[in-house]
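Reading through the structure tokens given below for one structure.
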Amino acid sequence: MEQLGEAGPGRGSEAQQPPGGPFFTRGEVAKRNSCKEAWLVIRERVYDVTRFVEEHPGGEEVLLEQAGADATESFEDVGHSTDAQEMLKQYFIGEVHPVRLGGREQSEHSQGGSSSFWTTWLIPLFGALVIGLMYRCYMMDGKSS
Ligand code: HEM
């Protein structure tokens with residue numbers, strides 16, 4: 001709910017052409033999937049419809065079914081009126097941020113890359129050191145006898 005406060009000033013006229021944030025991941029939206037908190041994604045924008053669920057002319061069930069998910073298709077399939085499109089603004093809280101998602105995926109990849117670097121180089125290096133030491137001991141043994 002803390003994001004609601006943050007998003008407050010962004011409502012109204014700014015919601016039509018949001019300036020940028022706040023941004024939410026689809027994972028964050030997916031957690032808001034109950035009647036206590038119901039968020040929807042419509043055209044890459046995030047809407048908090050918690051207080052609208054009971055007022056929805058199409059019934060609360062359809063909204064709760066879509067809560068936490070991307071409702072773009074269902075919203076458009078119904079052929080909502082321009083009034084309904086206008087109403088969206090009231091519930092706008094932010095946008096889905098694909099860059100942030102991409103960034104996280106990338107960093108996971110690079111982390112995986114660095115761990116494979118260690119397994120690729122450190123283990124063989126350690127093995128070579130042990131073999132070298134064993135060879136040296138073997139040679140010294142040969143010399144002493
Ligand atoms: C914040 C999102 C939504 C808003 C503001 C909204 C608003 C409205 C409004 C104002 C109506 C009255 C008819 C009209 O003016 O078009 C309506 C009807 C309806 N809505 Fe929504 N709606 C939303 C999301 C959804 C979603 C996600 C679904 C789909 C599952 C849905 C399904 C329906 C249905 C089935 C009707 C009844 C249509 C009819 O009686 O012909 N709505 N909605």
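Computation of the quantities below employed the complete heavy-atom set of this structure, encompassing side-chain atoms and omitting hydrogens, waters and symmetry-equivalent molecules. All ligand and atom numbering here is 1-based and tracks the order in the structure.
- With contacts defined as side-chain heavy-atom distances shorter than 4.5 Å, the pair Leu64/Cys35 qualifies.
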Item checked: Criterion side chain to side chain donor-acceptor pair (under 3.5 Å) on Asp70 and Thr72, from CA distance to verdict -> CA-CA 6 Å; Asp70 191 320; Thr72 311; 2.4 Å; yes
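- Of all protein heavy atoms, the one closest to atom 15 (O) of ligand 1 is Ser81 OG, 2.5 Å.
- Counting only heavy atoms of the protein, atom 10 (C) of ligand 1 lies nearest to Met87 SD, 3.5 Å.
- Nearest protein heavy-atom contact of atom 4 (C) of ligand 1 is Phe52 CE2, 3.4 Å.
- Side-chain contact between Met139 and Arg136: absent, with no pair of heavy atoms (C-beta onward) separated by less than 4.5 Å.
- In this structure, atom 29 (C) of ligand 1 has protein heavy atoms in its sub-4.0 angstrom surroundings.
- Checked for salt-bridge contact, Glu37 and Lys31 miss the test: no charged N lies under 4.0 Å from a carboxylate O.
- In plain terms, the two heavy atoms of Asn33 and Ala67 that are nearest each other are CB-O, 3.4 Å.
- Between Tyr91 and Phe52, the angle of the ring planes lies from 30° to 60°, which puts this pair in the tilted group.
- Below 4.0 Å from some heavy atom of Val49 lie the following atoms of ligand 1, by number and element: 1 (C).
- If you look at atom 21 (Fe) of ligand 1, the protein N, O or S atoms less than 2.8 Å from it are His56 NE2, His80 NE2.
- The protein atom (non-hydrogen) at minimum distance from atom 2 (C) of ligand 1 is Leu88 CD2, 3.6 Å.
- Which parts of ligand 1 touch Ala71 is read off a 4.0 Å heavy-atom cut-off, strictly below it: atoms 27 (C).
- Taking a distance limit of 4.0 Å, we find that atom 42 (N) of ligand 1 is approached by some protein heavy atom.
- Annotation: side chain of Leu40 is not in contact with side chain of Phe75 (no heavy-atom distance under 4.5 Å).
- A donor and an acceptor atom, one from each side chain of Asp48 and Thr50, are located under 3.5 Å apart.
- No part of Asp83 comes within 4.0 Å of ligand 1, judged by heavy-atom distances.
- Placement of Val130 and Leu122 in two distinct hydrophobic clusters is found when ILVMFWY residues are connected by side-chain heavy-atom separations under 4.5 Å, directly or transitively.
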Margin query: Could you walk me through whether Arg43 and Leu88 satisfy the side chain to side chain contact (heavy atoms under 4.5 Å, CB included) test, starting with their C-alpha distance in whole Å, then the side-chain angles of each, then the deciding distance to 0.1 Å, before giving a yes or no?
Written below: CA-CA 11 Å; Arg43 300 180 201 119; Leu88 278 180; 4.2 Å; yes
